[in-house]
*Asks:* 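One structure, pasted below without further comment.
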Amino acid sequence: MPDTTATIVFDLDGTLADTAPDLIATLNLILAEEGLEELPLGEARDLIGAGAKALLERGIAANGRSVAADHLEALYERFLVIYAGRIAVETRLFPGVAAALERFRAAGWRLAVCTNKIERHSVMLLEALGIAGHFHAICGRDTFPFSKPDPRHLTMTVAAAGGAPDAALMVGDSQTDIATAKAAGIPVIAVPFGYTMTPVSELDPDVIIDHFDGLWDAAAALSRRSSFAGS
């Protein structure tokens, strides 16, 4: 059984929840206001992962356009307002998430979220999905002076949850998550069903799980291999 003093940190978009429908719907409203073509959900999913500002830049670039920094900032503020109003219209937890969180929390693990979504939206979404109460810390891109892929975003999230980096695991879906965890020296479990331009199988995570039903065993195996091995 994994050490019950351990911390498990989750990315949010594409890891815990399929947020793409609401994020891309918001993006498309902005694109339409700018006189640009809307993007099909299937094509735009992998543009997610580095935060709303990057999503806007990528969506505009997909239309063959660039955007000045000051205008991007204005679009970003507009995006935040629109998205707050539809944050959980179509967003759903991935299968097995709720049960996995309950199992780790019941076993005494510290749970946290480390996401490039802003903190206010992260809390709003997790509350709407009914799982906010599982987490000891919910840290967004504006919680600290650093955000992923800066490893300090992850290590400070672990600290905010009351844990230590040498007794922590990361769960994510993208190159950003895997690079962040590796830079922090924290083992990383990847899920392949999220938002990534490069398949996670090519990014060398410690473990890949196809379903959250496999998370407990994956975490147990990693904890046994690490310095916080349980009995």
*Asks:* Show every donor-acceptor pair shorter than 3.5 Å between a side-chain atom in residues 196-207 and any protein atom, with sequence neighbours excluded, or say none if there are none.
*Replies:*
from : atom 1 : to   : atom 2 : distance (Å)
T196 : OG1    : T198 : N      : 3.2
T196 : OG1    : T198 : O      : 2.5
D206 : OD2    : V188 : N      : 2.8

*Asks:* Would you check if L75 and I60 make a side-chain contact, meaning some heavy-atom pair closer than 4.5 Å?
*Replies:* yes
*Asks:* Who are the ring pair (Phe, Tyr, Trp, His ring centres under 6.0 Å) partners of H121, not counting sequence neighbours?
*Replies:* Y83
*Asks:* Is there a donor-acceptor contact under 3.5 Å from the side chain of T15 to the main chain of D173?
*Replies:* yes
*Asks:* Below 4.5 Å, heavy atoms only, C-beta onward: do L27 and L23 meet side chain to side chain?
*Replies:* no
*Asks:* Which atom names give the shortest non-hydrogen contact between A100 and L215, and what distance separates them?
*Replies:* CB-CD2, 4.4 Å
*Asks:* Sequence neighbours left out, what passes side chain to side chain contact (heavy atoms under 4.5 Å, CB included) with R92? Give chain and number order.
*Replies:* none
*Asks:* Give a yes or no answer on whether the side chain of N28 reaches the backbone of L39 with a donor-acceptor pair at less than 3.5 Å.
*Replies:* yes
*Asks:* Enumerate the side-chain hydrogen bond (donor to acceptor under 3.5 Å, both in side chains) contacts for residues 137-158, please, sequence neighbours excluded, ordered by first and then second residue.
*Replies:* D11-K148, E119-T143, K148-D177, D150-R152
*Asks:* By side chain to side chain contact (heavy atoms under 4.5 Å, CB included), which residues pair with A88, not counting sequence neighbours?
*Replies:* L125, A128
*Asks:* So do the side chains of T7 and V9 get within less than 4.5 Å of each other, counting heavy atoms only?
*Replies:* yes
*Asks:* Applying side chain to side chain donor-acceptor pair (under 3.5 Å), can you list everything that pairs with E33, at least two apart in sequence or on another chain?
*Replies:* R78
*Asks:* What pairs with D13 under side chain to side chain donor-acceptor pair (under 3.5 Å), at least two apart in sequence or on another chain?
*Replies:* T19, K117
*Asks:* A164: what forms a side chain to side chain contact (heavy atoms under 4.5 Å, CB included) with it, not counting sequence neighbours?
*Replies:* D166
*Asks:* What pairs meet the ring pair (Phe, Tyr, Trp, His ring centres under 6.0 Å) rule with one or both residues in residues 158-205, with sequence neighbours excluded?
*Replies:* F94-F193
*Asks:* Could you give the distance from CG (L111) to NE2 (H134), rounded to the nearest 0.5 Å?
*Replies:* 8.0 Å
*Asks:* Applying side-chain hydrogen bond (donor to acceptor under 3.5 Å, both in side chains) as the test, list every pair that has at least one member in residues 64-73; sequence neighbours left out.
*Replies:* E34-H71, K53-E73
*Asks:* Do V191 and I208 have side-chain heavy atoms sitting under 4.5 Å apart?
*Replies:* no
*Asks:* Applying side chain to side chain donor-acceptor pair (under 3.5 Å), can you list everything that pairs with R45, at least two apart in sequence or on another chain?
*Replies:* D18
*Asks:* Find out whether L55 and Y76 are in side-chain contact, i.e. whether some heavy atom of one side chain is under 4.5 Å from a heavy atom of the other.
*Replies:* no
*Asks:* Going by the rule side chain to side chain donor-acceptor pair (under 3.5 Å), which residues pair with T91 if we only count those two or more places apart in sequence or in a different chain?
*Replies:* D22
